[in-house]
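Structure first, commentary second.
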Amino acid sequence: MTSTLPARSLEAGGVAPVALVSESALRRNAPLALAAGSGSGADDVLAADAWGHGAEWVASVLSDLGMDAAPLDAAVLFGLPGSHAQPVLSLRGKALGTKPLLRGEGVSYGYTHRAPHDTTVALVTGGYAQGVVRALGNAATVGIAGRRHRIVGRVAMDVCVVDVEDASVPRGTEVVFFGDPAEGHPSLSEWTDATGLTAAEIVAVVGARADRRVAV
């Protein structure tokens, strides 16, 4: 089940992409973070609103576990790439609709992508205003119903375009930008490779700008 945290919905009608944080993953990672901890201090774990995960929420979960934030390794606690722990935060958008794209036709600003063959594209909630970095256009994939599809063209402020090929993608279909690779989601490492940003920088921005919610 999910519950809404104090969050910032940047688009009318509640269609802003959701930064979903998993309480079960945070609880599972906490003992691993303690074992890996360097004692860097609570300020590290709770900095930048707990790296975009919500400092008040993270502190409350740790308190319930009887754990102090100070000894914990933040990258392990939040399951960032390379930590071998479960990712706590995932970013999810929705398909607003689809349209055919004929061979040679371009999408988004400047037509940086032109279709090499006839295909179908979907307009998806989530743009650079919510942390979907512009560099991800033509570089990263999203997950839709267990299949990977590439973001094509330039990422706009609140939306991006995804080549869904022959897949049926009804309006409202969930689109996973990144999440838990064990569940078949694209990894956050795809974003770090494409953008040159660190995983910590990305989740901090996404968690601050998307509509952050908790999955229990």
Side-chain angles (χ1 to χ4, degrees), residues 2 5 7-8 10 16-30 32-33 36 40 44-55 57-58 61 72-94 124-152 155 158-163 174-215:
T2 61
L5 284 174
R8 295 139 300 274
L10 300 183
V18 171
L20 192 66
V21 289
S22 168
E23 182 168 333
S24 62
L26 188 72
R27 288 176 175 272
R28 187 177 299 114
N29 292 348
L32 304 176
S40 54
D44 186 42
V45 169
L46 301 178
D49 199 18
W51 298 25
H53 294 73
W57 170 70
V58 170
V61 173
L72 304 183
D73 184 294
V76 175
L77 181 65
F78 300 129
L80 299 189
S83 68
H84 306 294
Q86 182 180 357
V88 173
L89 187 148
S90 64
L91 179 64
R92 298 154 188 255
K94 290 186 181 296
V124 174
T125 59
Y128 60 79
Q130 296 88 35
V132 183
V133 184
R134 287 178 174 176
L136 297 169
N138 304 314
T141 61
V142 299
I144 304 176
R147 292 178 59 180
R148 296 291 186 89
H149 301 279
R150 188 166 296 279
I151 299 172
V152 293
V155 174
D158 296 307
V159 294
C160 61
V161 179
V162 174
D163 186 348
E174 183 178 75
V175 177
V176 181
F177 286 99
F178 64 80
D180 187 353
E183 297 183 8
H185 301 157
S187 171
L188 182 58
S189 61
E190 193 171 328
W191 284 35
T192 61
D193 292 343
T195 65
L197 299 171
T198 68
E201 289 171 328
I202 292 170
V203 293
V205 171
V206 166
R209 294 186 176 183
D211 183 4
R212 194 171 61 220
R213 303 180 187 180
V214 173

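Just so you know, these numbers come straight off a predicted model, no measurement behind them.
Taking 4.5 Å as the limit, some side-chain heavy atom of W51 sits within range of a side-chain heavy atom of D44. Residues D163 and H149 fail the side-chain proximity criterion, which asks for heavy atoms closer than 4.5 Å. Under the 4.5 Å side-chain criterion, counting only non-hydrogen atoms from C-beta, T192 is in contact with I202. The shortest side-chain heavy-atom distance between V58 and V21 does not fall under the 4.5 Å cut-off. Taking the side chain as every heavy atom from C-beta outward, R212 and D49 approach each other to under 4.5 Å. Here the side chains of P181 and P87 are in contact, with some heavy-atom distance below 4.5 Å.
Every residue two or more places apart in sequence or in another chain that forms a side chain to side chain donor-acceptor pair (under 3.5 Å) with E174 is listed here: R92. Judged as a side-chain contact (heavy atoms from CB on, under 4.5 Å), and not counting sequence neighbours, the contacts of V124 are A122, C160, V162, V175, F177. With sequence neighbours excluded, the residues that form a side-chain contact (heavy atoms from CB on, under 4.5 Å) with V205 are R209. For A139, the side-chain contact (heavy atoms from CB on, under 4.5 Å) test picks out A194, with sequence neighbours left out. Every residue two or more places apart in sequence or in another chain was checked for a side chain to side chain donor-acceptor pair (under 3.5 Å) with T195, and none qualifies. For the side chain to side chain donor-acceptor pair (under 3.5 Å) test, residues two or more places apart in sequence or in another chain that qualify with N138 are T112. Under the salt bridge (charged side-chain N to carboxylate O under 4.0 Å, His left out) criterion, E23 pairs with R27, sequence neighbours left out. Partners of R148 according to the salt bridge (charged side-chain N to carboxylate O under 4.0 Å, His left out) rule, which considers only residues two or more places apart in sequence or in another chain, are E190. Taking S187 as the reference, S189 meet the side chain to side chain donor-acceptor pair (under 3.5 Å) condition, with sequence neighbours excluded.
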Using a 3.5 Å cut-off and no angle test, enumerate the donor-acceptor pairs between side-chain atoms of residues 74-84 and protein atoms at least two apart in sequence or in another chain.
{"residue": "S83", "atom": "OG", "partner": "L80", "partner atom": "N", "Å": "3.4"}
{"residue": "S83", "atom": "OG", "partner": "L80", "partner atom": "O", "Å": "2.6"}
{"residue": "S83", "atom": "OG", "partner": "A85", "partner atom": "N", "Å": "3.3"}

* To do: Determine, step by step, whether L91 and V132 satisfy the side-chain contact (heavy atoms from CB on, under 4.5 Å) criterion, reporting the C-alpha distance in whole Å, the side-chain angles of both residues, the deciding distance to 0.1 Å, and the verdict.
  => CA-CA 9 Å; L91 179 64; V132 183; 4.0 Å; yes
* Please lay out, stage by stage, how V142 and I151 fare under the test side-chain contact (heavy atoms from CB on, under 4.5 Å). => CA-CA 7 Å; V142 299; I151 299 172; 3.9 Å; yes
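Judged purely by atom type and a 3.5 angstrom limit, D158 has no side-chain atom pairing as donor or acceptor with the backbone of A129. Of the possible polar contacts, one joining the T125 side chain to the K94 backbone as a donor-acceptor pair under 3.5 Å is found.
In this structure, the separation between CZ on R150 and CG on L136 is 10.5 Å, given to the nearest 0.5 Å. Here the CG atom belonging to L89 is positioned 12.0 Å from the CG atom belonging to D180, to the nearest 0.5 angstrom.
Here the shortest heavy-atom pairing between P186 and G143 reads CG-N, 3.6 Å.
For residues 186-214, the set of pairs meeting the ring pair (Phe, Tyr, Trp, His ring centres under 6.0 Å) definition, not counting sequence neighbours, comprises F178-W191.
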